[in-house]
Amino acid sequence: MSKPIQPSQTSAFYVQAILSFGISLAAMTIAIAYLPAATWIRAFLALGLLYLVTSTVTLCKVVRDRQELSVVATRVDQARLDKLLTEHDPFRVDA
């Protein structure tokens with residue numbers, strides 16, 4: 001049985017993703033806070049930013065769940081195939 005190659009993420013990539021998200025969120029929050037506009041406009045933009053962040057998190061979870069589901073289905077199919085191959089005897093003669 002061959003073990004499929006599992007993609008791995010380095011800790012540097014993980015840290016970079018977290019820092020990038022944090023810096024962009026902080027920059028947008030500061031930009032909205034110091035925007036020379038009426039309070040209701042800044043509140044509307046802040047609400048839009050919050051909606052964008054929550055939608056991004058939801059999208060990431062959906063993509064991750066779909067990828068994990070395909071990996072599980074592939075493993076089940078591989079296990080079934082391995083079982084069939086181990087039970088098959090090419091030299092067996094049916095009488």
Side-chain angles (χ1 to χ4, degrees):
M1 176 167 58
S2 64
K3 186 174 185 179
I5 298 172
Q6 295 292 328
S8 61
Q9 294 178 352
T10 63
S11 58
F13 178 75
Y14 187 68
V15 169
Q16 178 187 0
I18 291 173
L19 285 176
S20 175
F21 178 77
I23 290 170
S24 64
L25 184 62
M28 285 303 299
T29 303
I30 291 170
I32 290 172
Y34 289 106
L35 186 68
T39 305
W40 72 270
I41 294 174
R42 289 197 313 259
F44 179 75
L45 291 175
L47 187 62
L49 178 63
L50 179 64
Y51 180 62
L52 180 64
V53 169
T54 57
S55 297
T56 303
V57 170
T58 303
L59 176 63
C60 290
K61 291 176 80 171
V62 167
V63 169
R64 181 201 62 201
D65 291 347
R66 179 171 283 190
Q67 191 271 339
E68 286 178 353
L69 183 64
S70 69
V71 168
V72 169
T74 303
R75 286 186 183 172
V76 169
D77 290 340
Q78 183 67 36
R80 286 180 183 158
L81 179 63
D82 289 342
K83 181 181 178 196
L84 286 173
L85 290 174
T86 56
E87 291 175 352
H88 177 67
D89 183 9
F91 300 110
R92 183 179 65 191
V93 177
D94 293 330

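Note that the numbering runs from 1 along the sequence shown for the chain. When reading the values below, keep in mind they use all heavy atoms of this one structure, side chains included, and skip hydrogens, waters and symmetry mates.
In this structure, Ser20 contributes its side chain and Gln16 its backbone to no donor-acceptor pair below 3.5 Å.
In the hydrophobic cluster analysis, where Ile, Leu, Val, Met, Phe, Trp and Tyr join through side-chain heavy atoms closer than 4.5 angstrom, Tyr51 is grouped apart from Met28. A continuous path of hydrophobic side-chain contacts links Leu49 to Ile41 [ILVMFWY only; heavy atoms under 4.5 Å].
The structure places CD1 of Ile18 at 10.5 Å from CZ of Phe13, a figure rounded to the nearest 0.5 Å. Here CG of Leu85 is found 10.0 Å from CD of Glu87. Values are rounded to the nearest 0.5 Å. A distance of 9.5 Å separates CG in Leu25 from CG in Leu52, rounded to the nearest 0.5 Å. Separation of atoms CD1 (Ile30) and CG (Leu35) is listed at 13.5 Å; rounding is to 0.5 Å.
The environment of Arg66 atom CZ is sparse: at most 12 non-hydrogen atoms of other residues, nucleotides or ligands sit within 6.0 angstrom.
At a threshold of 4.5 Å between non-hydrogen side-chain atoms, the residues Arg42 and Leu45 do not count as touching.
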Test log, rule side chain to side chain contact (heavy atoms under 4.5 Å, CB included), inputs Glu68 and Asp65 = CA-CA 5 Å; Glu68 286 178 353; Asp65 291 347; 4.2 Å; yes
